[in-house]
Amino acid sequence: MAAQKNRLKIRALVAGNWKMNGSKKDLSELRKLATAMKPTKSGGQVKAEVMICPPATLLPRMADVKAKGIALGGQDCHANINGAHTGDISAEMLKEAGAKAVIIGHSERRADHNESDKIVRAKVEAAHRAGLMAIMCIGESLKQRKAGETLKVVQGQLRGSLPDGCTAKNTVIAYEPVWAIGSGLTPSVEQVGEVHTALRKALMRRFGDEGAKTRILYGGSVKPANAEELMAVPHVNGALVGGASLKAQDFYGILKAYL
Ligand code: 13P
C-alpha cells in the first residue's frame with residue numbers, strides 16, 4: 001500500500017478522538033473494532049498503532065473491555081497533579097483510568113477554553129510527568145492560510161507548546177488545519193506535505209534524532225476515502241480522526257491504509 005513508504009521508518013499511530021460523543025452503548029464499537037482488526041489469512045494485520053480517545057466518563061469502561069491491540073487516551077488534562085480545580089482531570093488520573101496518551105491543545109480547546117501555547121506546554125509537561133504520551137495539536141485557521149501565514153503559525157505553535165525533553169516516545173504532533181476539522185474539506189497532498197516537512201525540520205532542529213523519529217499525524221476530515229492518499233504523504237506518520245472514528249466500520253476503513 002502507498003502508506004508503506006512512511007511506515008518503514010516510523011510506526012504510524014492512528015488515533016480516534018471521540019470528542020464529546022459516546023455513551024455506554026457505544027462500547028460495542030470498541031468491540032467491533034477489535035474484531036475487525038483481528039488478523040485473518042486474507043486480510044492481513046494493521047501495522048499502525050491504534051488508539052481511541054473517548055470522553056473521560058468512558059475511559060475506565062473501555063479499559064475494562066480489554067480490546068486487544070487498541071490503546072486508550074484522554075482528550076485533555078490539567079497541568080497539576082491534584083487540587084482545587086473543579087471539573088478538571090489530571091494526567092495521573094487519566095493514567096490510572098487506563099490511558100496511555102492524552103490529546104493536548106486541540107483547536108477546540110484552544111478556542112473554547114482560551115488555551116494558549118503556554119498553557120498547552122504546561123499540560124504537555126504534565127502528561128510527561130504522569131508517564132503519558134502527549135498528542136499535541138496545532139493548526140492554522142482559514143484566515144491564516146489565506147493570508148499565507150500557515151507555516152509561520154504552526155511553527156510558532158510548535159515552538160511555544162512543546163517543553164524541552166520531548167522524545168519520540170513521549171510526544172506526538174498532530175497537524176490539524178482548523179478549517180478542515182469536521183468540514184469535509186482537506187488540504188491538498190502538496191499542502192499537507194509542505195507543512196509536515198516544515199514541522200519535521202523544526203523538530204529535528206530542536207530535538208535532534210528524537211525529532212527525526214517523532215510522529216507527526218494529520219487530522220481534519222480523514223475518511224476511508226482519503227486515508228490512503230493522505231497517509232502516503234512524506235512525514236505523515238498517521239492520523240488523528242474525529243467523526244469517522246465513532247463507528248468501527250469507518251475507523252477500520254481508515255486503518256486499512258496500514259494493512
Ligand atoms: P474530523 O475528523 O471530524 O474532521 O475531526 C478531526 C479532529 O478534530 C480530530 O482531533
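For reference, positions follow the sequence shown, starting with 1. Please read all numbers here as calculations on a predicted model, not as lab measurements. Counting starts at 1 for both ligands and their atoms, in listed order. Values below: all heavy atoms of this structure, side chains included; hydrogens, waters and symmetry mates excluded.
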Which ligand 1 atoms does N17 reach within 4.0 Å, using its non-hydrogen atoms?
-> 9 (C), 10 (O)
One finds that the ligand 1 atoms under 4.0 Å from a non-hydrogen atom of G243 are 1 (P), 2 (O), 3 (O)
Checking E229 side chain against N226 main chain: does a donor-acceptor pair fall under 3.5 Å?
-> no
Identify the protein heavy atom lying closest to atom 2 (O) of ligand 1, giving its residue, its atom name and the separation to 0.1 Å.
-> G242 N, 2.9 Å
Can you tell me if CD on E96 sees more than 12 non-hydrogen neighbours from other groups inside 6.0 Å?
-> no
For the side chain of E29 and the backbone of A248, is there at least one donor-acceptor N/O pair under 3.5 Å apart?
-> yes
ILVMFWY network linking V222 to W18, side-chain heavy atoms under 4.5 angstrom | yes
F207 with I135, same ILVMFWY side-chain cluster at under 4.5 Å = no
Is there a heavy atom in G219 that sits closer than 4.0 Å to ligand 1?
-> no
State the atoms of ligand 1, each with its element, that fall below the 4.0 Å cut-off from a heavy-atom position in L240.
-> 9 (C), 10 (O)
Just by distance, do the side chain of R215 and the backbone of R11 share a donor-acceptor pair under 3.5 Å?
-> yes
Return yes or no for this condition: an N or O of G220 is under 3.5 Å from an N or O of ligand 1.
-> no
Any nitrogen or oxygen of E108, main chain or side chain, under 3.5 Å from a nitrogen or oxygen of ligand 1?
-> no
Non-hydrogen atoms of K223 versus ligand 1: any pair closer than 4.0 Å?
-> no
May I ask you to identify, for I181, whether its side chain, its backbone, both or neither come under 4.0 Å of ligand 1 on a heavy-atom basis?
-> both
Can you tell me which residue and heavy atom of the protein come closest to atom 9 (C) of ligand 1, and the distance to 0.1 Å?
-> E176 OE2, 2.9 Å
Test item: side-chain donor near acceptor, Q75 and H106, under 3.5 Å = no
